[in-house]
Number of protein chains: 2
Amino acid sequence: MANAAIHKDNLIQSAMRLFRRQGYASSGLQQILAESGAPKGSLYHYFPGGKEALAEAAVTHAGRMVAEMLAALAKKHRTPEAFLFAYCRQMAAWMEESDFRSGCPIATTLLETTPASPAITAAGERVIDGWIDVISGVLARGGGTSREARSRAQTIIAAVEGSLILARVRRSTKPILDVAALLEPKPGARPKAARAAARGRRSSAQRPEG
Amino acid sequence: MANAAIHKDNLIQSAMRLFRRQGYASSGLQQILAESGAPKGSLYHYFPGGKEALAEAAVTHAGRMVAEMLAALAKKHRTPEAFLFAYCRQMAAWMEESDFRSGCPIATTLLETTPASPAITAAGERVIDGWIDVISGVLARGGGTSREARSRAQTIIAAVEGSLILARVRRSTKPILDVAALLEPKPGARPKAARAAARGRRSSAQRPEG
DNA sequence: CGTGCTATATAGACCAGTCGTCATAATATC
DNA sequence: GATATTATGACGACTGGTCTATATAGCACG
């Protein structure tokens, strides 16, 4: 790969990592540049819109990685229950791998910049729509209308997103795993499995940088 | 009230408002000072720990206000279902009042500073524990163990927190109200009431600044 | 009431960091 | 070699958070 493509990609990767861990505003360009190894002027060359454009790219990229992870799980797990459980387990594994320092790769940036930055906001909305697409596809296997599946998918995403905040603050994966236990369509199933997962099982899926 | 107490309180109020809307790092002290009317040097007088100490106070204060709102709803609504519905309706009303510019009064700050700032992180954890206390108290009315009630309360908070993110990005209260519809202990109840609430009913409860 | 002392509050200097610009340098192409 | 395209680092205006000498307020005493 030529330097050009490396620089641009490294900038996005570093931005993803830093925005995820500490947010958008406190991730200064100098820090991003130092971590990515890209020259300063190149940043504006590749991202003429500046920091905001870089964030838009980072949100888009990180969101796509999560969507791909979700799609892989959707392929592997046929039932909504199994899928939801695997989703939560994956998020818990990432959380542990980051030593409880990183959560959702786009939430912090979105909270800081919505609606003040229309570009970042729109990128976030597209990303979330993509996630809803995948998850509602899985839920639709369990029956119900497309509208219901999308509502439910949205609530699942909300619950997982919120549980990532709690997991970081409380330094525990329990909030994440509890989502699977309490949100599954058939109340009461799998308490034992949720407890087993809390004992540190890892996943080898590629994670968004963080 | 003397100027002293006014300045300190105004600083906290302004910090709460700005942190909620745009996050911690992008809320500069100059902006907080301008909005609060407090003299610059007073900030360090009242908050010797500087910006971080101000954020800790803002998180504590905002969290307490939410806890009081939750306690009021818990008093007013006897069943877990009615409580959850009222909680979501209240959050949706605040969201609309802020024109989708503010969500949870502590989440953004926590995401930016956890675990890098132990003080803010600990304040956030205390706040969340307080919320769990109130909500699990309500849930316990519906039966089940104290442990179950706390797990469920935590998941409810997670779902609501996550739904606030989605509501902001998607500029819609639907994610918030869907939480009530999909998380209530008795699946299938109140679809009609959820739709009626989405039509703009307002609450007069005092909201955290935002 | 005036004075002196102590406690509380503040204005502004300080220095480091922020982001964006653009003339220039480097590279690619013919 | 000349020209076009791509990439870059120095610069500058501005903002960031912190600190401290100074100002102000409160209180006790004669």
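Proteins get letters first, then strands, A, B, ... in listed order; numbering begins at 1 in each.
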Rounded interatomic separation in angstrom, taking [atom1] from [X] and [atom2] from [N]:
X     : N      : atom1 : atom2 : answer
B:F47 : D:dC19 : CZ    : P     : 16 Å
A:H45 : C:dT27 : NE2   : C1'   : 11 Å
A:H7  : C:dT27 : NE2   : P     : 11 Å
A:I6  : D:dT6  : CD1   : P     : 18 Å

[Y] versus [X], side-chain donor and acceptor atoms under 3.5 Å:
X      : Y      : result
B:K174 : A:S151 : yes
A:S117 : A:E52  : yes
B:Q22  : B:Q31  : yes

Quiz item: Is A:R170 salt-bridged to B:E125, going by a charged N under 4.0 Å from an acidic O?
Solution: no
Quiz item: Does the pair A:R126/A:E56 count as a salt bridge with the N-to-O cut at 4.0 Å?
Solution: yes
Quiz item: Can you give one letter per nucleotide of nucleotides 18-23 of chain C, going 5' to 3': B for a protein heavy atom under 4.0 Å from the base, S for sugar-phosphate only, - for none?
Solution: SBBB--
Self-check item: Member of B:M91, B:Q90, B:R89 meeting the side-chain contact (heavy atoms from CB on, under 4.5 Å) criterion with B:I176
Solution: B:M91
